[in-house]
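Scroll down for the structure; my scribbles are underneath it.
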Amino acid sequence: MTYTKPKERPTIETERLILRPFCLTDAPAVQKLAGDIEIARNTNAIPHPYEDGMAEEWIGTHQAKFEEGKLVNFANVLRETGQLIGAIGLVVAIEDDRAELGYWVGKPYWNSGYCTEAARAVLDYGFNVMGLNLINAHHMSRNATSGKVMQKIGMKHIATLPQWIKKWGEFVDLELCVIMKSDFKR
Ligand SMILES: CC(C)(COP(=O)(O)OP(=O)(O)OC[C@H]1O[C@@H](n2cnc3c(N)ncnc32)[C@H](O)[C@@H]1OP(=O)(O)O)[C@@H](O)C(=O)NCCC(=O)NCCS
């Protein structure tokens, strides 16, 4: 099995969550949750301050990147209430049947297992529906919480990448983690 782009942007249901495509009406919630400095501090691409219009612009990029086969991402919403709590996605290296997992969960929803639950479902989808061979992820060395999520979903720590990125003017070490399809257990 090799990587096959899904025909449509997927929706996945888990015990407590629905992972579905973002829509423009999610923008205010994205701005509020991703606008928390704790989200920007631990991620590479999320701007701070998170200004008006940025969420709409970001959401507006998803469909084209999906059609190119390069991105599958999901709004992470609570099944019971429909409340948006975060984002999770796969950036695909098409030629290599490989993707990079990325995620954030809004601070009011931390430490309830939501990221772990979403990430397991996305790995399952990536390996068993998209046909990926390997999924990698990285977290800042100081971000032990994200490291814990990667460990819980069965990723293996591969390397420390010293001073890999420059965040707000300071070099930051990253930890690289991977999981192969053959090692993934639902
Ligand atoms: C990382 C993040 C997505 C985790 O989301 P979450 O829904 O709270 O994650 P979960 O509840 O599934 O798992 C968190 C785990 O980390 C543990 N944890 C919390 N704080 C911790 C710390 N300081 N050190 C180590 N582990 C910690 C929790 O106890 C939990 O493990 P457990 O279930 O075994 O108790 C969220 O904190 C976040 O969005 N942070 C800011 C953005 C970010 O870091 N994105 C990821 C970039 S790589």
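These numbers come from a predicted model, not from an experiment. Counting starts at 1 for both ligands and their atoms, in listed order.
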Proximal protein residues to ligand 1, non-hydrogen atoms under 4.0 angstrom: Glu38, Ile39, Asn42, Thr43, Tyr103, Trp104, Val105, Trp110, Asn111, Ser112, Gly113, Tyr114, Cys115, Thr116, His138, His139, Asn143, Ala144, Thr145, Ser146, Lys148, Val149, Lys152
Side chains of His138 and Glu100, donor plus acceptor under 3.5 Å: yes
Joint cluster assignment, Tyr125 & Met155, ILVMFWY side-chain distance < 4.5 Å: yes
Where at least one partner belongs to residues 63-114, residue pairs that pass ring pair (Phe, Tyr, Trp, His ring centres under 6.0 Å), sequence neighbours excluded: none
Parallel, tilted or perpendicular, as decided by the 30° and 60° cut-offs, for the rings of Trp168 and His48: tilted
Pair Lys65 + Glu68: basic N to acidic O under 4.0 Å: no
Identified side chain to side chain contact (heavy atoms under 4.5 Å, CB included) counterpart of Ile153 within the set Leu101, Asp124, Val122: Leu101
